[in-house]
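Down below is the structure, laid out as structure tokens.
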Amino acid sequence: NKLYEKKSFTGVAYDFHHGTESILKEFEVVNGIKNGKYRELWKNGELKVVGEYLNGVKNNKWIIYRIISTAILNQKRSLLLIFSTNMSCF
């Protein structure tokens, strides 16, 4: 049972990458329900997903960040993908 699933919990909840202290997810909870800002991070701490919940349901636009590595240049670049929650992919 996760702390944020307890009906009385209100605040910011965190999930961590397995076996580390690196944050995987950070989100707001009201009375045990996801409600407010949500973000997900890659293991290196860079943003992976940003969105918002309203009464436990994904709300508004969600942004997905993908890390693209170029082997020849050895550089990392981020690509933004923006999805509306009314699309079938969510």
Side-chain angles (χ1 to χ4, degrees):
N1 233 358
K2 295 183 180 180
L3 178 63
Y4 65 87
E5 292 173 341
K6 295 182 179 178
K7 295 191 184 303
S8 62
F9 181 74
T10 295
V12 178
Y14 299 92
D15 283 340
F16 297 90
H17 286 280
H18 181 71
T20 72
E21 294 182 12
S22 177
I23 296 173
L24 169 63
K25 300 175 186 175
E26 175 183 33
F27 49 93
E28 297 173 347
V29 178
V30 177
N31 294 325
I33 298 171
K34 290 178 185 174
N35 210 350
K37 296 176 185 174
Y38 173 94
R39 72 182 191 139
E40 199 168 316
L41 305 168
W42 295 102
K43 268 190 174 178
N44 65 5
E46 292 184 31
L47 282 173
K48 183 176 183 180
V49 178
V50 175
E52 178 182 295
Y53 276 90
L54 180 62
N55 297 319
V57 178
K58 290 179 179 177
N59 189 39
N60 292 322
K61 293 185 179 182
W62 283 62
I63 301 171
I64 299 173
Y65 297 84
R66 301 219 177 174
I67 297 175
I68 301 172
S69 296
T70 307
I72 298 170
L73 300 175
N74 198 20
Q75 295 178 350
K76 284 195 274 185
R77 299 174 189 224
S78 292
L79 170 67
L80 291 177
L81 301 173
I82 301 174
F83 295 97
S84 177
T85 55
N86 61 4
M87 295 177 69
S88 60
C89 61
F90 274 97

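Please read these numbers as outputs of a predicted model, since none were measured by experiment.
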Spacing of N55 atom CG and K34 atom NZ [to the nearest 0.5 Å]: 13.5 Å
Going by the salt bridge (Lys or Arg N to Asp or Glu O under 4.0 Å) test, name the single residue among R39, K48, K37 that passes it with E26. R39
Is the side chain of S22 donor-acceptor paired with the backbone N or O of K43 at a distance under 3.5 Å, no angle test? yes
Do L47 and L41 have side chains that get closer than 4.5 Å, going by heavy atoms? yes
For W62 and G51, work out which heavy atoms get closest and say how close. CD2-CA, 3.6 Å
Using a 4.5 Å cut-off on heavy atoms from C-beta on, say whether the side chain of Y38 contacts that of V50. no
Answer with yes or no whether the hydrophobic clustering places V57 together with I33; edges join I, L, V, M, F, W, Y residues whose side-chain heavy atoms lie under 4.5 Å apart. no
Hey, could you give me the NE2/CG distance between H18 and L24, rounded to the nearest 0.5 Å? 12.0 Å
Output all residues satisfying side chain to side chain contact (heavy atoms under 4.5 Å, CB included) with L54, sequence neighbours left out; order by chain, then residue number. N35, N59
Using the test side-chain hydrogen bond (donor to acceptor under 3.5 Å, both in side chains), find all partners of E28 that sit at least two apart in sequence or belong to another chain. none
Minimum heavy-atom distance between F27 and D15, given as atom pair plus value: CE2-OD2, 4.2 Å
By side-chain hydrogen bond (donor to acceptor under 3.5 Å, both in side chains) - contacts of Y53 (at least two apart): none
